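Below, chains carry the letters A, B, ... as their sequence lines are ordered, and counting in each starts from 1. All values below were derived from every heavy atom in this structure, side-chain atoms included, with hydrogens, water molecules and symmetry-related copies excluded. The structure displayed is predicted, hence computed values, not measured ones.
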Number of protein chains: 2
Amino acid sequence: MARLPVYLRALTALAERGIRTCSSEDLAAAAGVNSAKLRKDLSYLGSYGTRGVGYDVDYLRYQIAREIGVTHDWPVVIVGIGNLGHALANYSGFRSRGFRVVALLDADLERTGELVAGVPVRPFDDLEAIASEHSVAIGVIATPAAAAQDVADRMVAAGVTSILNFAPAVISVPEGVDVRKVDLSIELQILAYHEQRKAHEHARDEHPDLPEMPAVVGGDQ
Amino acid sequence: MARLPVYLRALTALAERGIRTCSSEDLAAAAGVNSAKLRKDLSYLGSYGTRGVGYDVDYLRYQIAREIGVTHDWPVVIVGIGNLGHALANYSGFRSRGFRVVALLDADLERTGELVAGVPVRPFDDLEAIASEHSVAIGVIATPAAAAQDVADRMVAAGVTSILNFAPAVISVPEGVDVRKVDLSIELQILAYHEQRKAHEHARDEHPDLPEMPAVVGGDQ
DNA sequence: TTCTGTGAATTGTTTCACAGCC
DNA sequence: GGCTGTGAAACAATTCACAGAA
């Protein structure tokens with residue numbers, strides 16, 4: 001259920017505005033989904049709402065946090081302290097949302113000791129020691145693509161079982177290890193695709209005498 | 001089709017390794033999907049493969065780039081030059097994958113003139129001028145959450161019709177404008193969720209006498 | 001024989017619409 | 001009367017499995 005974190009954030013935002021109770025309609029609007037979907041999603045967690053009234057914001061918040069597993073903090077290591085690693089280390093959302101950066105690692109020994117967001121950069125070779133000391137289960141890869149598979153292998157060997165990969169490379173990991181990939185240029189290319197279709201639409205609006213796009217198989221969608 | 005950019009990148013990787021032809025199996029492996037799905041996806045673009053042989057890497061690469069709309073570069077503006085904005089401005093993948101950063105904007109006038117990745121930071125108020133000068137259709141929001149909606153409104157007013165939003169906020173835009181959202185802590189929370197389930201599994205493995213999780217409605221998945 | 005392209009079957013997700021509880 | 005929780009219906013995505021081209 002990839003939408004639970006979205007609901008959790010929306011609930012936190014409502015709570016910060018002092019709202020104690022909300023309807024599925026309210027919460028759905030805040031989370032950017034429709035209310036039927038939201039109710040269906042929440043119903044899988046149990047019956048935490050009250051018919052005719054709605055949901056208690058704090059109660060639901062706790063239940064979702066419990067379901068996701070962020071009622072306590074997860075220790076996280078970040079490998080690769082380039083521009084992106086810097087941004088991640090400084091990202092304040094981690095602390096408040098269930099994560100604690102226990103180490104920043106970089107293969108470049110020149111960087112060792114440098115403080116980023118109050119955390120010292122350490123050599124990549126310290127990975128095993130740090131992972132076992134803090135029982136790190138989650139690792140973030142912010143290295144260049146070429147290093148990603150190697151970093152992933154070392155993480156897995158060190159006991160990491162969930163990896164967030166920002167490197168533009170597909171990494172392969174053993175059964176039982178989860179990987180999520182965030183790829184900036186892929187996100188942009190998806191926008192470009194929609195943008196292009198809008199441009200075509202527009203061209204047809206302005207020149208209605210032009211022929212339709214040829215009806216290639218699956219030309220639509 | 002959100003997977004086309006993934007295929008494009010996999011094809012580029014194959015091309016760089018000197019591979020001229022590949023089977024759906026090869027490409028699927030490089031892209032991290034299964035081959036039936038890949039063939040189905042590609043069949044929507046047309047018949048670009050050869051039965052018994054496979055796909056010509058360069059030819060398919062061009063066809064996918066054309067479908068996505070990245071045969072020419074898209075001008076892009078980035079708003080919010082904090083840590084993340086820095087990382088984005090320095091991200092070399094943009095240039096090579098169909099995008100050109102034409103401006104970096106920040107509301108903090110202290111930053112005006114600062115060079116980031118060779119591009120000068122300019123005041124946010126220059127948005128309209130820059131957007132119309134370069135016909136910018138795609139904007140990136142890397143500001144704090146509180147500023148995101150305002151930035152989005154100004155972008156839309158300036159003619160931007162696709163927005164990549166890194167701010168942890170749901171922004172609302174008029175019909176016809178596309179928004180994609182990347183939220184770092186949501187990605188991590190999804191991993192935490194899986195991590196938690198693995199921990200439960202594991203606990204049961206070690207204490208097989210413990211009862212199964214109660215069969216709550218939808219307890220699984 | 002190899003490997004694509006694709007109907008058919010399956011599986012999953014979203015929406016509808018309303019019974020039931022407050 | 002208002003709003004949740006949920007079957008049932010509609011829709012979408014994925015996988016299977018194989019006919020047919022090279």
Task: B/Gly49 vs A/Arg3, nearer the 5' end of DNA chain C by closest nucleotide - done: B/Gly49
Open item on the list: Can you build the contact string for nucleotides 16-22 of chain C? Use B for base contact, S for sugar-phosphate-only contact, and - for no protein heavy atom under 4.0 Å.
Closed with: -B-BBBS
Open item on the list: Angle between the end axes of the helix from C/dT1-D/dA22 to C/dC22-D/dG1, five pairs per end, to the nearest 10 degrees?
Closed with: 0°
Open item on the list: Tell me whether the side-chain N/O atoms of A/Tyr55 come closer than 4.0 Å to OP1 or OP2 in D/dG5.
Closed with: yes
Task: Distance test, side-chain N/O of A/Ser47 to OP1/OP2 of D/dG5, below 4.0 Å - done: yes
Open item on the list: Rounded to whole Å, please give me the gap between CG in B/Leu27 and C1' in C/dC3.
Closed with: 14 Å
- [ ] Figure out the CG/P separation between B/Leu60 and C/dT4, and round it to whole Å.
- [x] 11 Å
Open item on the list: What is the distance, to the nearest angstrom, from the CG atom on B/Leu42 to the P atom on D/dT14?
Closed with: 14 Å
Task: A/Arg180: salt bridge (charged side-chain N to carboxylate O under 4.0 Å, His left out) partners, not counting sequence neighbours - done: B/Glu187
Ignoring hydrogens and angles, write down the donor-acceptor pairs under 3.5 Å from the side chains of residues 70-79 of chain B, residues two or more places apart or on other chains.
residue : atom : partner : partner atom : Å
B/Trp74 : NE1  : B/Gly69 : O            : 2.7

- [ ] Let me know the distance between CG of B/Asp41 and P of D/dA12, rounded to the nearest Å.
- [x] 16 Å
TODO: Please list, chain by chain and in numerical order, all residues satisfying ring pair (Phe, Tyr, Trp, His ring centres under 6.0 Å) with B/Tyr91, sequence neighbours excluded.
DONE: B/Phe94
- [ ] Using side-chain hydrogen bond (donor to acceptor under 3.5 Å, both in side chains) as the criterion, point out the one residue from A/Arg197, A/Lys198, A/His194 that pairs with B/Asp178.
- [x] A/Lys198
TODO: Measure from the ring center of A/Tyr55 to the ring center of A/Tyr48 and say whether it is less than 6.0 Å.
DONE: no
Task: Spacing of A/Lys37 atom NZ relative to D/dC3 atom P, expressed in whole Å - done: 21 Å
- [ ] Using side-chain contact (heavy atoms from CB on, under 4.5 Å) as the criterion, point out the one residue from A/Leu188, A/Ile190, A/Asp183 that pairs with B/Pro5.
- [x] A/Ile190
Task: Length of the OH-C1' vector between B/Tyr44 and C/dG5, whole Å - done: 11 Å
Task: Ion pair B/Asp56/B/Arg61, N-O distance below 4.0 Å - done: no
TODO: To the nearest Å, give me how far apart CG (A/Leu38) and P (D/dC3) are.
DONE: 14 Å
TODO: Decide if atom CZ of B/Arg66 counts as having more than 12 heavy atoms of other residues, nucleotides or ligands within a radius under 6.0 Å.
DONE: yes
Task: Distance, rounded to the nearest Å, where B/Tyr48 contributes OH and C/dT4 contributes C1' - done: 15 Å
For residues 138-160 of chain B, dump all side-chain donor-acceptor pairs below 3.5 Å to protein atoms at least two apart in sequence or in another chain.
residue  : atom : partner  : partner atom : Å
B/Gln149 : OE1  : B/Ser172 : N            : 2.9
B/Gln149 : NE2  : B/Asp153 : OD1          : 2.8
B/Gln149 : NE2  : B/Ser172 : O            : 3.0
B/Arg154 : NE   : B/Glu128 : OE2          : 3.0
B/Arg154 : NH2  : B/Asp125 : OD1          : 3.1
B/Arg154 : NH2  : B/Glu128 : OE1          : 3.4

